[in-house]
Q: 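One structure is given below, represented as structure tokens, and several questions about it will come after.
Computed over heavy atoms, backbone and side chain alike; hydrogens, waters and symmetry mates excluded. Read the numbers this way: they start at 1 and go in the same order the structure lists the ligands and their atoms. Remember, it's a predicted structure, so these values are computed and weren't measured experimentally. The first residue of the sequence shown is numbered 1, and numbering continues consecutively from there.
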Amino acid sequence: MTDSVVTRFAPSPTGFLHIGGARTALFNWLYAKKHGGKMLLRIEDTDRERSTEAAIVAILDGLKWLELGWEGEVIYQFSRAARHREVAEQLLADGKAYRCYATAEELAAMREKARAEGRTRLYDGMWRDRDPATAPNDVKPTIRLRAPQTGETVIEDQVQGRVVWQNENLDDLVLLRGDGNPTYMLAVVVDDHDMGVTHVIRGDDHLINAARQKQIYDAMGWTLPSMSHIPLIHGPDGSKLSKRHGALGVDAYRAMGYLPAALRNYLVRLGWSHGDQEIFSTEEMIAAFDLASVGRAAARFDFAKLENLNGHYIRHADDQSLVKMFEDVLDHLPGRGELKAKLNDTTRAQLVKAMPALKERAKTLIELIDGAYFIFADRPLELDPKAQALLTPENRKLIGQLHSALEKVETWSGATTEAALRTFAEENSLKLGAVAQPLRAALTGRTTSPGIFEVLDVLGRQESLARLKDQSTT
Ligand code: GLU
């Protein structure tokens, strides 16, 4: 029997689910799906000072919104502290770890000496072989791993390749602090082992930790999971990703009107490629994803590309679900209460009807909302400056005539209003455009909108005629 794949996403709840974290989750999710395995979720809340409940909520919400579901219960690392201690004690009992009574001053002196001598190994092993009977009784000892002092620690990383550390450069790491709290390094290893994780996929800022973690696996006689350290996401200029360049929480992308499917598609292509293919359905992504095609160079975040991709997803989304997403984004935007209050069966139906035209023009749901403003505008319409300029006294007269012409249309639709307007234009020797622009200004308060016949159709007979009346003079 082959072991099934178990991956995990292990965020620290010290902030929102940022875009890099979301990509790590996606890669873990895809890898598990591809191999018929499962992705687990572990919240690494051992840093009690910096972990917050709000961050946990944001992470869970973000993952749900991205539809990156995890299997089973969420594991909270802090709740497993007793088990972490147990492993440290076991290593101690087996002689693979030892108590270290070095004082803060002694440790500081060691560090300084190491730095002065240009060594990365900071702890000099002073308590490694010392008799505990000589221990001072005013120091609470830490427990340190008796790490190998010679030879190499090697990780065969699926993305980075073979990575080798000289053990003489790695000091005896702390497993348990003086206050009895496990270190992050110990907790990660014990949890991954106990959770049956077969594949660790995470940011390459953790590569150095992998060496220390491997030493703990070795000491426990446990098998190291397959390791993949994926390059971080950088800004478009190659520098560290800044807020301006997209280092935002997933909730910010949601509020900016990105579709989860578009964001997933964008993220999968950040650092991973599959020929020239840019657009992937979820099924295609799962089928094509592999770790071997994850590049080693840092990926560059490109807002314009994300926007284009989002536009593609909006154009291809079905109208009903776009209305749902429209509502969802309203829920996440401050100051949109008024618009939300206007959502009812009638306006929803109008939105569905207008959607084919609206979605052609929108790159984000915010642009979609903006394009749909004419459905929700209150009479008499507030005209923007361009529409105002267009509605000259002369054109207001024209609006009056158009009102009379359209009033005769009994069965109201895009086609019947179009026919009436064409006839009107012909009879008055006017170009259709000369009629359509003032009409648009009167019906929408702006000079850009979906096609004018669509606008008439969506607004319906009564509302269209009333808006025309508002702006007309005889
Ligand atoms: N909690 C770590 C982080 O949020 C990830 C640790 C891991 O994946 O091993 O960066």
Side-chain angles (χ1 to χ4, degrees), residues 5-32 38-63 66 68 70-71 74-81 83-84 87 153 155 157-160 163 173 175 181-217 220 222-234 240-241 247-250 267 271 291 294 298:
V5 166
V6 180
T7 64
R8 76 341 184 239
F9 178 50
S12 305
T14 52
F16 44 51
L17 174 61
H18 58 88
I19 201 75
R23 185 189 55 157
T24 301
L26 175 65
F27 282 15
N28 276 286
W29 185 83
L30 286 172
Y31 193 81
K38 54 188 180 186
M39 176 178 88
L40 307 177
L41 178 62
R42 180 171 74 232
I43 300 288
E44 302 207 315
D45 55 350
T46 43
D47 183 341
R48 302 312 285 168
E49 273 177 16
R50 292 177 60 230
S51 298
T52 67
E53 193 53 41
I56 295 176
V57 171
I59 290 168
L60 301 185
D61 270 1
L63 290 175
L66 279 168
L68 300 177
W70 60 92
E71 194 98 0
V74 180
I75 313 266
Y76 291 88
Q77 190 160 60
F78 182 69
S79 73
R80 296 180 34 83
R83 166 68 179 147
H84 303 147
V87 170
T153 294
I155 302 277
D157 194 278
Q158 303 298 303
V159 173
Q160 306 291 331
V163 190
L173 65 105
L175 300 169
N181 280 322
T183 57
Y184 164 73
M185 216 62 89
L186 174 68
V188 169
V189 171
V190 175
D191 290 350
D192 281 341
H193 174 264
D194 289 1
M195 287 159 70
V197 171
T198 60
H199 291 73
V200 169
I201 304 169
R202 62 187 175 191
D204 66 8
D205 49 334
H206 287 285
L207 185 59
I208 176 70
N209 292 341
R212 325 307 300 270
Q213 291 167 4
K214 166 94 172 25
Q215 294 183 331
I216 304 177
Y217 277 98
M220 286 302 290
W222 291 340
T223 316
L224 184 78
S226 154
M227 290 277 167
S228 298
H229 289 89
I230 58 181
L232 300 183
I233 302 174
H234 282 189
K240 193 171 174 286
L241 196 64
L248 303 165
V250 161
L267 288 176
L291 292 166
V294 176

Q: Near ligand 1, which protein residues have a heavy atom under 4.0 Å away?
A: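 If the criterion is a heavy atom under 4.0 Å, then ligand 1 touches Arg8, Ala10, Pro11, Ser12, Glu44, Tyr184, Val188, Arg202, His206.
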Q: If the condition is salt bridge (charged side-chain N to carboxylate O under 4.0 Å, His left out), which residues does Asp205 pass it with, not counting sequence neighbours?
A: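 If we apply the salt bridge (charged side-chain N to carboxylate O under 4.0 Å, His left out) test to Asp205, skipping adjacent residues, there are no hits.
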Q: Do Leu175 and Pro182 have side chains that get closer than 4.5 Å, going by heavy atoms?
A: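 Not touching, per the 4.5 Å side-chain cut-off.
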Q: Could you walk me through whether Leu60 and Trp70 satisfy the side chain to side chain contact (heavy atoms under 4.5 Å, CB included) test, starting with their C-alpha distance in whole Å, then the side-chain angles of each, then the deciding distance to 0.1 Å, before giving a yes or no?
A: CA-CA 10 Å; Leu60 301 185; Trp70 60 92; 4.0 Å; yes
Q: Flag this pair as yes if the NZ/CZ of Arg80 is under 6.0 angstrom from the six-membered ring centre of Tyr76 and inside a 45 degree cone about the axis; otherwise no.
A: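 That pair does not qualify as a cation-pi contact.
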Q: Where do His199 and Ser228 land on the side chain to side chain contact (heavy atoms under 4.5 Å, CB included) test, with the steps shown first?
A: CA-CA 8 Å; His199 291 73; Ser228 298; 6.0 Å; no
Q: Within the 3.5 Å criterion, strictly below it, is a donor on His84 or Asp191 matched to an acceptor on the partner's side chain?
A: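 Looking only at side-chain atoms, Asp191 and His84 do form a donor-acceptor pair, the distance falling under 3.5 Å.
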